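A short worksheet on the structure shown next.
On a predicted model such as this, the values are computed, not experimentally measured, just so you know.
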2 protein chains.
Amino acid sequence: MVTLAKVAEAAGVGESTVSRVLRNHGSFSRKTKDRVMEAVERLGYVPNRIAGTLASAGSRLVAMVIPSLTNIVFADVLRGASGILEENQHQAVFSVTEYEPEKEEALVAAMLAWRPTAVMLAGFEHSNGTVKMLRASGCRVVELLDLDGAAQDLAVGFSNRAAGSVAADFLLKRGYRKIGYVGHDLDRDTRAAKRFAGFRETLGAAGFPLVDSEIHAGASSVEGGRLALERLLTRMPGLDAVYFSNDDMALGGYFHCLARGIQVPERLALFGHNGLDIGRVTPQPLSTIRTPRVATGRVAAELVVTDAPSQVVDLGFELIEGATA
Amino acid sequence: MVTLAKVAEAAGVGESTVSRVLRNHGSFSRKTKDRVMEAVERLGYVPNRIAGTLASAGSRLVAMVIPSLTNIVFADVLRGASGILEENQHQAVFSVTEYEPEKEEALVAAMLAWRPTAVMLAGFEHSNGTVKMLRASGCRVVELLDLDGAAQDLAVGFSNRAAGSVAADFLLKRGYRKIGYVGHDLDRDTRAAKRFAGFRETLGAAGFPLVDSEIHAGASSVEGGRLALERLLTRMPGLDAVYFSNDDMALGGYFHCLARGIQVPERLALFGHNGLDIGRVTPQPLSTIRTPRVATGRVAAELVVTDAPSQVVDLGFELIEGATA
DNA sequence: TTGAAAGCGCTAACAC
DNA sequence: GTGTTAGCGCTTTCAA
């Protein structure tokens, strides 16, 4: 294995000189630089960041602890973040919690062992152990995709409660009155639960309380949405609109309607959440709310690499009228 | 910052004893263990893996250099791999190449600086620089989702050429004769190019050469599939079947047919690739080939953690008849 | 502009 | 069963 010492020897200079040249920091002559770079090339030297990190300060590692990779939402956040991180010589390290707080705690502990510059997490709901460790570690903490709660340090996202409320307003304004909900495992996905709470509250306040709801046991999926809508309609055929916990679920509902010849939105209106691209090109574009997923990752990464002061960044969201409601 | 030395002092034992207890390696008395663990708890000590890695051998870091996160395929591979890696106390580190070989080379260099146990890459096509670095690094290399080419060390996946050929056979057996192709940027996605090659060859050999093809400029997407199929049909309205570069594209094509009232499969048959879940719950299930994405990640991770000898693992694929062809 | 040397926090021999 | 010590490969003073 080629080390910095070997490069120094090959170039006939001291180790610290090689280090300075490689990091382009401190002073060295043009001639020295050429000699060093030539040796680096010739030996195929790759700096060892493990050693570098230990010797200096920051690891330039950013830990991303996300609930799921199946859900495109988090893949989008990762994508946004990793782009910015790479541009700034940082490295993303990630792990997946499957929406389990205990697993999150274990994973945060494992990540902290790498002394990351920052840890990014989904939302504000974490175990006491997780919060304690994070605080003790002294590294930056970024909580993503939620604004309804108290941030530990940095937070980037939008209000899920508000999104649910806006969805309700929209359906009401369109004249729908007998409104149902199709969701997935809310104990785990607390952000979906917050949307549902905002939705329900707004409906109630308008005097048209939620008629019925059906929860798909397990993670959100297109199939889950299709099956759950079918069950809901069997029980409550008179509904005129359904709000889904997200676009995956809504798409499943839409497929169910297409398959059964249920006229959308005349017989039944459908409303999703997230504004996924696929919802733009279905025969009828999905009525939904576009969330700033990639931007959330990007902004979070920017805050981290610039070492910004603690703050909460509201990226908002955007109603997409679509044609299904 | 709490270090192992401080824990040792607090527990009134030597550093190596703490290290032994924490790694549960070597011998120590029950009493000592309790004293150490108590101190660890009390001080909230989190081991520093940076230092640990430098002092010992392996980093237990696995670098995953993937083309895209938008494409669910790679998210699935990541998911499969990260599960196994976590179970075995390894950490996944990833970066995204956007299908650009130069970017891949830069990212591999960056990853190598972390002295990973293994580097996982998509497919066999890499720049000379990438191959050279990888070879020089001495770490394990796993090439994923491709079998049509020469492996550097480990390879896990299936034959894309064979998948294309099987798709062609299926369409021919169903009696389709005027067959077209809708794909995306083939220069970059070499695996899609291999499928297309296998498809085309098999059609030609059967005496029914490909009638026409339409390439969507850019990455694969549902929208791309929809637009490209529209263009293809405008130019060549007599086609009776279309093979798509993957399910995303095929789904777009299916949506186009639904929107235009084109009878599927009577007027036009559609065939995809990947066997995504969403294709199982569309009004008509998509005819496609299911690929072992999660399994690919899982097997790759297992080979790495067990330090298996160089080998090529063919996980195969499975034809799904569906109802669109 | 450059080199020598002291760590960074841990692991692994080796001695006791 | 336990402590001492010499590194791992860098970065960073501090002199020269």
How many Å lie between [atom1] on [X] and [atom2] on [N], as a whole number?
X: B:His25; N: C:dT11; atom1: NE2; atom2: C1'; value: 10 Å
X: B:Leu43; N: C:dG9; atom1: CG; atom2: P; value: 15 Å
X: A:Met1; N: D:dC8; atom1: CE; atom2: P; value: 14 Å
X: B:Leu4; N: C:dA12; atom1: CG; atom2: C1'; value: 13 Å
X: B:Arg20; N: C:dA13; atom1: CZ; atom2: P; value: 12 Å
X: A:Leu54; N: C:dT11; atom1: CG; atom2: C1'; value: 12 Å
X: A:Phe28; N: C:dT2; atom1: CZ; atom2: P; value: 9 Å
X: B:Trp114; N: D:dG9; atom1: CH2; atom2: P; value: 16 Å

Worksheet entry | Nucleotide nearest A:Ala55 when distance is taken to its side chain, options C:dG7, D:dG7, C:dA13 | C:dG7
Worksheet entry | Listed nucleotide nearest any side-chain atom of A:Asn48, set D:dC10, D:dT12, C:dT11 | D:dC10
Does [X] have a side-chain nitrogen or oxygen under 4.0 Å from the phosphate oxygens OP1 or OP2 of [N]?
X: A:Tyr45; N: D:dG9; result: no
X: A:Thr17; N: C:dG3; result: yes
X: A:Ser29; N: C:dT2; result: yes
X: B:Thr3; N: C:dC8; result: no
X: A:Arg23; N: D:dC10; result: no

Classify [X] by what it touches in the nucleic acid, base, sugar-phosphate, or nothing, heavy-atom distance under 4.0 Å.
X: B:Thr32; answer: sugar-phosphate
X: A:Arg49; answer: nothing
X: B:Ser27; answer: base
X: B:Ser16; answer: base

Worksheet entry | Donor-acceptor pair (no angle test) under 3.5 Å: B:Arg115 side chain, D:dG9 base | no
Fill in: Toward the 5' end of DNA chain C, by each residue's nearest nucleotide, A:Lys33 or B:Val46
A:Lys33
Response to the item:
The reported gap from CD in B:Glu104 to CD1 in B:Ile66 (rounded to nearest 0.5 angstrom) is 11.5 Å
Item to complete: Could you walk me through whether B:Asp307 and B:Arg140 pass the salt bridge (charged side-chain N to carboxylate O under 4.0 Å, His left out) test, one step at a time?
Response: CA-CA 8 Å; B:Asp307 197 27; B:Arg140 300 308 300 264; 2.9 Å; yes
Fill in: 5′-ward residue of the pair B:Val13/A:Ala51 relative to DNA chain D
B:Val13
Worksheet entry | Within 6.0 Å of CD in B:Glu125, more than 12 heavy atoms from elsewhere | yes
Worksheet item: Has B:Lys103 got more than 12 heavy atoms of other residues, nucleotides or ligands less than 6.0 Å from its NZ?
Response: yes
Practice prompt. May I have the step-by-step check of salt bridge (charged side-chain N to carboxylate O under 4.0 Å, His left out) for A:Arg79 and A:Asp76, ending in yes or no?
Written response: CA-CA 5 Å; A:Arg79 185 154 55 94; A:Asp76 280 343; 2.9 Å; yes
Practice prompt. For B:Val62 and B:Val305, run side chain to side chain contact (heavy atoms under 4.5 Å, CB included): C-alpha distance rounded to whole Å, both residues' side-chain angles, the deciding distance at 0.1 Å, then the answer.
Written response: CA-CA 10 Å; B:Val62 174; B:Val305 300; over 6 Å; no
